[in-house]
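These notes concern the structure reproduced below.
In what follows, every heavy atom counts, from backbone to side chain, and hydrogens, waters and symmetry copies are set aside. Predicted model, so just to flag it, every value in this text is computed and none were measured.
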Amino acid sequence: QDIRYTEEKVRSCRNFMNKIWNASRYILMIVEQHPVEKWVDEAGIEAAAISIGDQWILSEFYTMLDKVNDGYEAKNFALVCDLLWDFIWNKFCDWYVEMSKFNKQSSVQVLGYLLVRLLQCIHPVAPFISETLWSTLKSAGFNHLGDRLIQDKWPKSMPNLKNETIERQMTLILELIRETRHIKKQLNISPAKDIELIIEAASETSLDALNWGKDILGFLANASQIMLESSLKERPKQAVSSVVQSVQLFIPLKGLVDID
């Protein structure tokens, strides 16, 4: 069977390898700033996952790992690559690495733990860069690693770390962050500009999710004030609004744009 080859696919894969490389270099920088005396293993990672971001990314990783295992068993390598690509690019790099900046010292264990296991996961399909990064980690404080990645064990499944509720709650939080950033861009408001968010969540499930993820929402949306209500008495004045899932989002514009 012929394989369809395009330069666009080559560029896309190169960009993905660059993403992994840059994320690894960032994590090594954090490890240098906050040295780890002893790295945790599967038995200790649950206790090390202090923040909600830690708990979310571990749940997402082990959900992905089970699907990757099924893909390898079925010899469906295209599915395996899609799963790894989506997790590494869209969840680990784009979101969790950003969340970890909220408290780098407390997140360093989970960052290192996941980086090691992601290299193990991509090794069958990206052996050269994963082996090179493995050697780099070993010489930069990851003393618990074996000499060669190709001789290392495959990551274990951890059903106790999978949590559908946490994944569902974080989905809402991330969608709100995306929408807030989109509104800022539309109105030519600087991404770094501090804002206020007023959120109406009629359902108890959504309100619970917002209370759970309020700190992450504030940090990644650059919102110093977040008001959560199950029912607003009146619509905020001089505010732009949007709907995310069943949640109503308002951003007061006073001081952000020239309303007149």
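- Taking 4.5 Å as the limit, some side-chain heavy atom of S157 sits within range of a side-chain heavy atom of N69.
- A donor-acceptor contact shorter than 3.5 Å links the side chain of S139 to the backbone of T136.
- Looking at H182 and Q186, their side chains come closer than 4.5 Å, going by heavy atoms from C-beta outward.
- Crowding of E8 atom CD: a count of heavy atoms from other residues, nucleotides or ligands under 6.0 Å not exceeding 12.
- Of the possible polar contacts, one joining the W134 side chain to the G146 backbone as a donor-acceptor pair under 3.5 Å is found.
- For CZ of R25, the number of neighbouring non-hydrogen atoms (other residues, nucleotides, ligands) closer than 6.0 Å is 12 at most.
- Distance alone, capped at 3.5 Å, is enough to place a donor-acceptor pair between the N211 side chain and the L207 backbone.
- Rounding to the nearest 0.5 angstrom, the gap separating the CG atom in D54 from the CD1 atom in I45 is 7.5 Å.
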Requested in this report: Any chance you could lay out the side chain to side chain contact (heavy atoms under 4.5 Å, CB included) test for L256 and I251, step after step, and finish with the verdict?
Outcome: CA-CA 10 Å; L256 298 176; I251 303 177; 4.1 Å; yes

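- Considering only heavy atoms from C-beta on, F61 comes within 4.5 Å of C121 through its side chain.
- Checking each of K162, K91, K67 against E60 for a salt bridge (Lys or Arg N to Asp or Glu O under 4.0 Å) leaves exactly one that passes, namely K91.
- Atom OG of residue S107 and atom CD1 of residue I30 lie 9.5 Å apart, to the nearest 0.5 angstrom.
- For W154, the ring-ring contact (aromatic ring centres under 6.0 Å, His included) partners at least two apart in sequence or on another chain are Y72.
- Within the 4.5 Å cutoff, no side-chain heavy atoms of K19 are placed close to those of W21.
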message = Apply side chain to side chain donor-acceptor pair (under 3.5 Å) to residues S206 and Q245 and explain how you reach the verdict.
response = CA-CA 9 Å; S206 296; Q245 294 187 20; 5.3 Å; no

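- Considering NZ of K101 and CG of L220, their distance stands at 9.5 Å, rounded to 0.5 Å.
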task: Could you check L65 against R117 for side chain to side chain contact (heavy atoms under 4.5 Å, CB included), going step by step and ending with a plain yes or no?
output: CA-CA 10 Å; L65 179 62; R117 280 148 187 84; over 6 Å; no

Go through it in stages, so that I can follow the logic: the residues are S241 and R235, the test is side chain to side chain donor-acceptor pair (under 3.5 Å), and I'd like the CA-CA distance, side-chain angles, deciding distance and then a yes or no. CA-CA 9 Å; S241 67; R235 179 189 175 95; 3.0 Å; yes

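- Contact check for Y62 versus N160: no side-chain heavy atoms found under the 4.5 Å cut-off.
- When atom types are taken as modelled, the side chain of Q55 and the backbone of L161 share no donor-acceptor pair closer than 3.5 angstrom.
- No side-chain donor-acceptor contact under 3.5 Å links S59 to the backbone of W56.
- Contact annotation: the side chain of I199 approaches that of L217 to within less than 4.5 Å [non-hydrogen atoms, C-beta and beyond].
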Evaluate the side chain to side chain donor-acceptor pair (under 3.5 Å) criterion for residues D152 and Q120: first the C-alpha distance (whole Å), next the side-chain angles of each, then the deciding distance (0.1 Å), finally the verdict.
CA-CA 8 Å; D152 212 69; Q120 292 168 333; 2.7 Å; yes

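- In terms of modelled atom types and a separation under 3.5 Å, the side chain of E131 and the main chain of L149 share a donor-acceptor contact.
- The two residues L133 and S24 make their nearest non-hydrogen contact at CD1-OG, 3.5 Å.
- Closest heavy-atom contact between V40 and Y113: O-CD1, 3.8 Å.
- For the pair K138 (side chain) and L145 (backbone), a donor-acceptor distance under 3.5 Å is present.
- Taking Ile, Leu, Val, Met, Phe, Trp and Tyr as members and joining any whose side-chain heavy atoms lie under 4.5 Å apart, directly or through other members, the hydrophobic cluster of F250 also contains I198, M227, L232.
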Under the criterion side chain to side chain contact (heavy atoms under 4.5 Å, CB included), I'd like the reasoning laid out for W39 against V31: C-alpha separation, chi angles, the key distance, then a yes or no. CA-CA 11 Å; W39 290 98; V31 172; 3.8 Å; yes

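- With rounding to the nearest 0.5 angstrom, the CZ atom of F92 is 10.5 Å from the CD1 atom of I20.
- The shortest non-hydrogen separation linking Q109 to K38 is NE2-O, 2.9 Å.
- The shortest heavy-atom contact between A192 and N222 is CA-ND2, 3.6 Å.
- Between S242 and I183, the shortest heavy-atom contact is CB-CD1, 4.0 Å.
- A distance of 6.0 Å separates CG in L137 from CG in L119, rounded to the nearest 0.5 Å.
- For the atom pair I166 CD1 and I173 CD1, the distance stands at 12.5 Å (nearest 0.5 Å).
- Formation of a donor-acceptor pair under 3.5 Å by the S100 side chain with backbone atoms of V97 is found in this model.
- No side-chain heavy atom of V125 sits under 4.5 Å from any side-chain heavy atom of W85.
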Report task. Check the pair L253 / V240 against side chain to side chain contact (heavy atoms under 4.5 Å, CB included), numbers first and verdict last. Result -> CA-CA 7 Å; L253 296 177; V240 63; 3.9 Å; yes

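- Contact record, I50 with S106: CD1-CB, 4.3 Å, taken as the closest heavy-atom pair.
- In this structure, the side chains of T205 and Q169 stay at 4.5 Å or more apart for every pair of heavy atoms.
- Residues in residues 194-231 take part in these ring pair (Phe, Tyr, Trp, His ring centres under 6.0 Å) pairs, two or more places apart or across chains: F102-F219.
- Cluster membership for I150 and F142, using ILVMFWY side-chain heavy atoms within less than 4.5 angstrom, is not shared.
- Under the 3.5 Å distance criterion, the side-chain polar atoms of K184 are left unmatched by any main-chain donor or acceptor of I189.
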